Amino acid sequence: MIRLLTVVGARPNFMKAAPIIHALARRPDRFGHTLVHTGQHYDRSMSGDFFDVLGMPAPDVNLDVGSGTHAQQTARVIEAVAPVLEAAAPDVVIVVGDVNSTLAAAITAKKLGLRVAHVEAGLRSRDMSMPEEINRLCVDAISDMLFTTDPIADTNLIAEGVDAKRIHFVGNVMIDTLLTHLAQAEALDYPGRCGLARGRYATLTLHRPSNVDSPERLAGIVEAVTAAAGAIPIIFPVHPRTRRALESAGLIDAQNPTAAGVRAVDPLGYLEFLSLNRSARIVFTDSGGLQEETTALGVPCVTLRENTERPITVLEGTNRLGGVTRDGILAAAAEAIAQGAAPARRPEKWDGRAAERIVEIIDRWAPQAA
Ligand code: UD1
């Protein structure tokens, strides 16, 4: 029996861990699994709803660390996860993505002498003002197994001196989850329920501190996106961090849920959001995951950042870097709209089988634990 322990904490972690947990559950004779939730995200709409819809088991342990500064959040996870890891003493600790919980769990596990596997390794934006970039670099530097989504990530890791034997190009676990749920999301017809015609609206998400923490920057981006989308409605599911910023800047309030012509709604469930993006004419976002999801769906995406750690979505997919200036956003959106929906051309191994590959590799790698 190989004993694995996965640590998740924030919304994007759940979609990445779910297919791995399901693949492990299909081999109960071979794998034992413990799920730890740090509690970095805790609202039902940011956490519990995703567990339900993705069919994830309730966490075996919840550390309830909650929100705080980067220092507080990272420190709380380190302190709380250490005794859990010590008691469980798993053969491998799996961490996913690049959030603070990923960093804290990886460091703690490694210092306890445990093997660490990082899922979604090797992504690099080269932007050290982005907290996630620091998390990625640190986690990759200490992980024993690095599971990558594309060959560019492998090249990044090799350039940093990582031993090629530790790197495994397995594909994209988040796309595993997307493909599993696509039919269900389409059947839901969330746009139709909101009175939106397919292909006649845009989606917007914003949550990066660099975009939302300055009211001027935030207002400028929202205004530029409104101009870029033209006459079509823009649906804007608002992250809690962004809602706070919009409210404190007076850009939105309970009586005025539409900021600058944008239809602001609460964060959506996984299926609703997938259904919405599936039929959007264009998606504007500063999220990492959404760049990949739109590429898999063949939906044009304008990324509201100057850089991306996911260049494969620009090279092979439907993503364009719009930056954060009005001119940049308008130009990228005009090109994206002119090109229109592309037949979904998925990067290599974004085929719904990434989690299976991870489980096979761990199986082969740890025969001594059997
Ligand atoms: C975190 C991740 C980011 C990821 C994002 C997805 C880090 C460094 N950042 O950013 O990479 O893209 O999650 O959402 O780990 N809040 C709530 N309810 C919740 C959780 C948060 O209201 O359930 C509010 C709190 O006011 C909190 C703020 O959102 O202070 C930010 O949450 P936090 O987890 O610190 O970072 P995110 O911006 O969500």
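Both counts, for ligands and for their atoms, begin at 1 and track the order of listing. Just so you know, these numbers use all the heavy atoms, side chains as well, and skip hydrogens, waters and symmetry mates. This one's a predicted model, so the numbers in the text were calculated from it and none came from an experiment.
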**Request:** Inspect the contact between Arg208 and Glu132 and indicate whether a charged nitrogen and a carboxylate oxygen are less than 4.0 angstrom apart.
**Result:**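 Counted as a salt bridge, because a side-chain N and a carboxylate O are separated by less than 4.0 Å.
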
**Asked** Given side chains that start at C-beta, do those of Ile234 and Tyr201 come closer than 4.5 Å, heavy atoms only?
**Response**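 SC-SC contact between Ile234 and Tyr201 ruled out.
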
**Prompt:** Are any of the side-chain heavy atoms of Ile167 and Phe147 separated by less than 4.5 Å?
**Reply:**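 Not in contact.
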
Looking only at protein heavy atoms, which one is nearest to [atom], and what is the separation?
{"atom": "atom 12 (O) of ligand 1", "answer": "His207 NE2, 2.8 Å"}
{"atom": "atom 20 (C) of ligand 1", "answer": "His41 CD2, 3.3 Å"}
{"atom": "atom 8 (C) of ligand 1", "answer": "Asn100 OD1, 3.3 Å"}
{"atom": "atom 27 (C) of ligand 1", "answer": "Ser67 OG, 3.3 Å"}
{"atom": "atom 19 (C) of ligand 1", "answer": "Tyr42 CZ, 3.5 Å"}
{"atom": "atom 2 (C) of ligand 1", "answer": "Val99 CG1, 3.7 Å"}
{"atom": "atom 24 (C) of ligand 1", "answer": "Pro240 CB, 3.7 Å"}
{"atom": "atom 38 (O) of ligand 1", "answer": "Arg241 NE, 2.8 Å"}

Contacts under 3.5 angstrom, residues 324-332 side chains, donor-acceptor by atom type, not counting sequence neighbours:
| residue | atom | partner | partner atom | Å |
| --- | --- | --- | --- | --- |
| Thr325 | OG1 | Gly328 | N | 3.1 |
| Arg326 | NE | Glu223 | OE1 | 2.9 |
| Arg326 | NH2 | Glu223 | OE2 | 3.2 |

**Message:** Would you say CD of Glu79 has more than 12 non-hydrogen atoms from neighbouring residues, nucleotides or ligands within 6.0 angstrom?
**Reply:**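 Count not over threshold, so no.
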
**Atom CZ of Arg198: over 12 foreign heavy atoms under 6.0 Å** =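 Not more than 12 within 6.0 Å, no.
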
Table please: side-chain donor-acceptor pairs of residues 6-16 below 3.5 Å, with sequence neighbours left out.
| residue | atom | partner | partner atom | Å |
| --- | --- | --- | --- | --- |
| Thr6 | OG1 | His33 | NE2 | 2.7 |
| Asn13 | OD1 | Gly9 | N | 2.9 |
| Asn13 | OD1 | Ala10 | N | 3.3 |
| Asn13 | ND2 | Val96 | O | 3.3 |
| Lys16 | NZ | Glu120 | OE1 | 3.3 |
| Lys16 | NZ | Glu120 | OE2 | 3.0 |

**Prompt:** Has ligand 1 got any nitrogen or oxygen that is less than 3.5 angstrom from a nitrogen or oxygen of Asp43?
**Reply:**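 Yes, Asp43 has an N/O under 3.5 Å of an N/O on ligand 1.
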
**Asked** For His70, is at least one N or O under 3.5 Å away from an N or O on ligand 1?
**Response**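 The answer is no, given that His70 and ligand 1 share no N or O pair closer than 3.5 Å.
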
Please list, in number order, the atoms of ligand 1 under 4.0 Å from a heavy atom of [X].
{"X": "Gln73", "answer": "34 (O), 35 (O)"}
{"X": "Glu132", "answer": "2 (C), 3 (C), 9 (N), 11 (O)"}
{"X": "Arg244", "answer": "25 (C), 26 (O), 30 (O)"}
{"X": "Pro12", "answer": "6 (C)"}

For [X] and [Y], does a side-chain donor sit closer than 3.5 Å to a side-chain acceptor?
{"X": "His207", "Y": "Ser287", "value": "no"}
{"X": "Gln339", "Y": "Arg320", "value": "yes"}
{"X": "Thr313", "Y": "Glu292", "value": "no"}

**Request:** Would you check whether Ser47 reaches within less than 4.0 Å of ligand 1, judged by its heavy atoms?
**Result:**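 It does not, in that no heavy atom of Ser47 comes within the 4.0 Å cut-off of ligand 1.
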
